[in-house]
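Step one of this worksheet: look at the structure below.
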Amino acid sequence: MNYWLIKSEPDEYSYQDLAAEADAGRWTGVRNYAARNHLRGMKKGDLALFYHSRKGLEVVGICEAVKEAYPDPTAEKGDWSAVDFKAIKPLKKPVPLSDIKAEPSLQEMPLVRIGRLSVMPVTKEEFEKVLEMGETKHP
DNA sequence: GCCAACGTTGGC
DNA sequence: GCCAACGTTGGC
């Protein structure tokens with residue numbers, strides 16, 4: 001079991017959009033090699049924090065990988081990957097980036113260190129700490 | 001809207 | 001193969 005954090009601009013694809021999907025939502029559009037390689041490392045059943053970038057700037061919910069990396073159908077050329085996720089549960093209280101930056105145990109997260117990375121691994125400890133800050137128990 | 005950080009591209 | 005220039009992302 002691995003843990004991840006995925007980012008999306010809520011104007012493009014929000015957690016609410018993912019939660020509204022009948023089955024699972026397709027995570028496409030990654031055009032960054034580091035992020036793509038992380039996508040390919042995901043296994044079915046892995047859990048991910050869903051973060052709203054640009055607008056919101058907060059972790060809003062938890063989702064689960066239900067289909068492992070496959071060729072991104074939105075990529076006209078190049079070697080890119082997509083992963084399917086389903087929403088598990090929203091956080092009772094979204095955890096803003098400012099709180100993550102203020103939490104000493106979360107300073108090593110790529111979210112804090114490498115702002116532009118859109119898919120990143122997080123440790124079990126980091127994952128659970130964010131859930132605790134969002135007052136949601138481990139699903 | 002601006003600017004910093006990072007990745008990618010292209011000239012040499 | 002190096003490095004400068006450019007483009008994109010994302011926080012502020």
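Each chain gets a letter, A, B and so on, in the order the sequences are listed, and its residues count up from 1.
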Here the pair of heavy atoms bringing Ala75(A) nearest to Arg31(A) is CA-NH2, 3.2 Å
The correct set of residues in residues 29-37 of chain A placing a heavy atom under 4.0 Å from DNA chain B is Asn32(A), Tyr33(A)
Checking side-chain polar atoms at under 3.5 Å, does Arg26(A) have a donor or acceptor matched by the opposite partner on Tyr70(A)? yes
Per-nucleotide protein contact along nucleotides 1-11 of chain C, 5' to 3', at a 4.0 Å heavy-atom cut-off (B base, S sugar-phosphate only, - neither), is ------BBBBB
Quiz item: Are side-chain heavy atoms of Glu126(A) and Tyr3(A) found at a separation under 4.5 Å?
Solution: no
Across all chains, not counting sequence neighbours, the ring-ring contact (aromatic ring centres under 6.0 Å, His included) partners of Trp4(A) are none
| request: Dump the intermediate steps for salt bridge (charged side-chain N to carboxylate O under 4.0 Å, His left out) on Arg113(A) and Glu108(A), then the final yes or no. | output: CA-CA 7 Å; Arg113(A) 302 171 62 92; Glu108(A) 299 301 314; 3.2 Å; yes
task = Compare all side-chain heavy atoms of Leu18(A) with those of Trp27(A) and state whether any distance is below 4.5 angstrom.
result = no
In terms of heavy-atom contacts, Ile6(A) and Cys63(A) come closest through CD1-SG, 3.8 Å
